[in-house]
Each structure stands twice: as C-alpha cells, then as structure tokens.
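Lettering follows sequence order; numbering is per chain, from 1.
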There are 2 protein chains.
Amino acid sequence: MNESFKALADPTRRQIIRLLRDKDRTAGEIAEFFNMSKPSISHHLNALKTAGLVQDERQGQFIRYTLNTTVLDEVLSWLLELTDGNRDKKGK
Amino acid sequence: MNESFKALADPTRRQIIRLLRDKDRTAGEIAEFFNMSKPSISHHLNALKTAGLVQDERQGQFIRYTLNTTVLDEVLSWLLELTDGNRDKKGK
DNA sequence: TATACATTTAAACAATTATCTAAATATCGA
DNA sequence: TCGATATTTAGATAATTGTTTAAATGTATA
C-alpha cells in the first residue's frame, strides 16, 4: 500500500499510468512520450511494477506493460474510507 | 494535485489524515500518536496543509487541525478516471 | 553466428525529503 | 509582566529519489 502511494507520487509515473489506461504499450513506446532517457523510464516502470500498479510481459524483443487496476482499486478504497460517512476505521 | 499525491506518499501523513477523519485535533494531540519529535510532526502537518489536505486554526494556545475532504475528493476523481470505463481522458 | 534493436542494470551524482536539536514565537494565567 | 505551555522555524545531517551515461542482457534476423 505504501509502495502504491509512493509510486503515484511522481508525475511521470502518473502519466505512464494514464497512457496505459488507453492501451497496453511497450517500454519504448512509453518512453517516446517523455523527454527523458530510457533508463529513467525503465526505472519508473520498475517502481510501478514493484507497487503492483503495472505488469510486464516480454513479447519477443519488446516488453509490454499493462495497467493493473486491482491495486488502483485498493488505493481508491483507502481514500473512499476517508471521505465516506462510515466510521468503522479499520486500520488497513 | 502533485502536492496532494506527494503528501499522501508518506505513511505518517496518511496516519495523520486518518486521525483527523475521526475528529479535529491539535498539533500536540496528533504528535502524541507518533514516536517522533514534535518538529517533525509539525513539518508533516505543514506538508499536508500546503497540499490543501488539512486546514489549521489557532485556538488560543493551541492550533487545531481539520481535514479538508475537498482535496481528497480531487485525488479520488483522478483515480476514478482511470478505473472507470469512460475514456474521455481529460488531462487534469 | 554476427549485428542490430529493445530494454534493463550498474554506478555515479544532484536534488529532495525526513528527521533531529536548539531557538524563536505566541498565548495563557498567576 | 513572568513563567509555563504549545507550536513552529531554523539549521544541520542522513536517507531516499530521480536522473544520467555506460555497460550488460535478451531477442531477432541477415
């Protein structure tokens, strides 16, 4: 959970998530959207992967990244617990 | 928006938010929950305030902190845009 | 199998962040 | 106004993070 929030704290990583919302993309395709070296993007992708926010799968020469909405849902739940009226404050 | 995500990236700050969800509290009351110096807590409170996640109001000797759910709602919206089916990808 | 392409890993470095102690500011009550 | 209490601000430092270039790994193809 902490990893997820930390992963979301960076604007580049949030943008990557948006890109993957539209469709799966390879690391190179993702990198093209940014003014940043490929190793940097790779690093950000790894942060997202560690957090469980994306998954990767090698397809031949390429590595294809996919959004994992499950973890996003968990973050959503955490936030919803705060704004919702129910006060059972379960400490997740 | 970036400030909000960065503020949420720290576990101490998330815990502070949870504490404020239950009720408003003074800086000192908040600090009692943590194994950390008061200046550190003050620093975290300031980060939350800068992000707009909390508001503060002096009450005599004390400073009382309040949760501002409006900004939390904005973060929620950002996340909901990702998980929802609608694909109008407005770049907020 | 040699070369090119896609991507990651390694190593270094700068910038940011979290933390502490000490000092400053603000308010209250005697 | 003085002393106690509540909190923040300042200054220092250690840890973490984001970035780069160079090298390594894995795959495809001629």
Side-chain angles (χ1 to χ4, degrees), chain A residues 1-20 22-68 71 75 78, chain B residues 1-20 22-68 71 75 78:
Chain A
M1 195 53 152
N2 189 40
E3 287 303 309
S4 312
F5 274 108
K6 284 201 295 184
L8 288 166
D10 183 272
T12 300
R13 291 195 289 264
R14 287 199 301 278
Q15 186 59 35
I16 290 174
I17 288 177
R18 297 183 90 109
L19 291 170
L20 292 178
D22 297 334
K23 62 178 180 193
D24 301 351
R25 298 182 198 265
T26 68
E29 283 167 357
I30 292 167
E32 278 176 4
F33 286 89
F34 299 93
N35 216 356
M36 193 179 291
S37 72
K38 284 181 182 181
S40 289
I41 296 297
S42 183
H43 162 87
H44 284 305
L45 286 169
N46 188 252
L48 290 168
K49 189 174 145 187
T50 299
L53 286 163
V54 306
Q55 287 158 342
D56 64 348
E57 181 194 5
R58 182 172 279 277
Q59 286 185 350
Q61 220 169 352
F62 305 90
I63 296 180
R64 178 159 296 273
Y65 282 85
T66 312
L67 189 59
N68 178 12
V71 173
V75 175
W78 191 94
Chain B
M1 194 53 150
N2 189 39
E3 287 301 311
S4 311
F5 273 108
K6 283 202 295 185
L8 288 167
D10 182 272
T12 299
R13 289 194 290 263
R14 288 199 302 278
Q15 186 60 35
I16 290 174
I17 288 176
R18 298 183 90 109
L19 291 170
L20 292 178
D22 297 334
K23 60 178 181 193
D24 302 350
R25 299 182 197 264
T26 67
E29 283 167 357
I30 292 167
E32 278 176 4
F33 285 89
F34 299 92
N35 215 356
M36 194 179 291
S37 73
K38 284 180 181 180
S40 291
I41 295 298
S42 182
H43 161 87
H44 285 305
L45 286 169
N46 189 59
L48 290 168
K49 187 173 143 186
T50 299
L53 287 163
V54 306
Q55 287 159 342
D56 64 348
E57 181 195 5
R58 181 173 280 276
Q59 286 186 351
Q61 218 169 354
F62 303 91
I63 295 179
R64 178 159 297 274
Y65 281 85
T66 312
L67 189 59
N68 177 13
V71 173
V75 175
W78 192 94

Regarding C:dC5, can its base be found pairing with the side chain of A:Gln61 as donor and acceptor, where the two atoms are less than 3.5 Å apart?
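Yes, the side chain and the base share a sub-3.5 Å donor-acceptor pair.
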
Identify which nucleotide among [options] has an atom closest to any side-chain atom of [X], counting heavy atoms from C-beta outward.
X	options	value
A:Pro39	D:dT7, C:dT7, D:dT20	D:dT20
B:Met36	C:dC20, C:dT7, D:dT7	C:dC20
B:Ile63	D:dT21, D:dT7, C:dT7	D:dT7

Starting at atom [atom1] of [X], determine the distance to atom [atom2] of [N], rounded to an integer number of angstrom.
X	N	atom1	atom2	answer
B:Glu57	D:dA6	CD	P	18 Å
A:Ile30	C:dT7	CD1	P	9 Å
B:Phe62	C:dT27	CZ	P	13 Å
A:Asp56	C:dT9	CG	C1'	14 Å
A:Ile16	C:dT7	CD1	C1'	14 Å
B:Asn2	D:dT17	CG	C1'	14 Å
A:Arg64	D:dT27	CZ	P	16 Å
B:Lys38	D:dA10	NZ	P	20 Å

Begin with the C-alpha distance, continue with both residues' side-chain angles, and end with the deciding distance and a verdict on side-chain contact (heavy atoms from CB on, under 4.5 Å) for A:Ile17 and A:Leu8.
CA-CA 9 Å; A:Ile17 288 177; A:Leu8 288 166; 3.5 Å; yes

Can you tell me if [X] touches the phosphate of [N], counting only side-chain N or O atoms and a distance under 4.0 Å to OP1 or OP2?
X	N	answer
A:Tyr65	C:dA6	no
A:Ser40	D:dT20	yes
B:Lys6	C:dT17	yes
B:His44	C:dT19	yes
A:Ser42	C:dT7	no
B:Thr26	D:dA6	no
A:Arg58	C:dA6	no

When you measure from the side chain of [X] to the backbone N and O of [Y], does any donor-acceptor pair fall under 3.5 Å?
X	Y	answer
B:Arg13	B:Ala7	yes
B:Arg25	B:Leu19	yes
B:Thr50	B:Asn46	yes

Closest non-hydrogen atom pair, B:Val71 against B:Gly52:
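Smallest interatomic distance, heavy atoms only, reads CG2-O, 3.2 Å.
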
With a non-hydrogen cut-off below 4.0 angstrom, is B:Asp10 in contact with a base, only sugar-phosphate, or nothing?
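Since only primed, P, OP1 and OP2 atoms lie under 4.0 Å of B:Asp10, the category is sugar-phosphate.
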
For A:Arg13, report the nucleic acid contact type (base, sugar-phosphate, nothing); a contact means any heavy atom under 4.0 Å.
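The answer is sugar-phosphate, as A:Arg13 gets under 4.0 Å only of primed atoms, P, OP1 or OP2.
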
Does some side-chain heavy atom of A:Lys49 sit less than 4.5 Å from a side-chain heavy atom of A:Leu45?
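No, too far: nothing below the 4.5 Å cut-off.
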
For B:Leu45 and for A:His43, locate the closest nucleotide of DNA chain D by heavy-atom distance; then report the residue assigned to the nucleotide nearer the 5' terminus.
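Nearer the 5' end of the strand: B:Leu45.
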
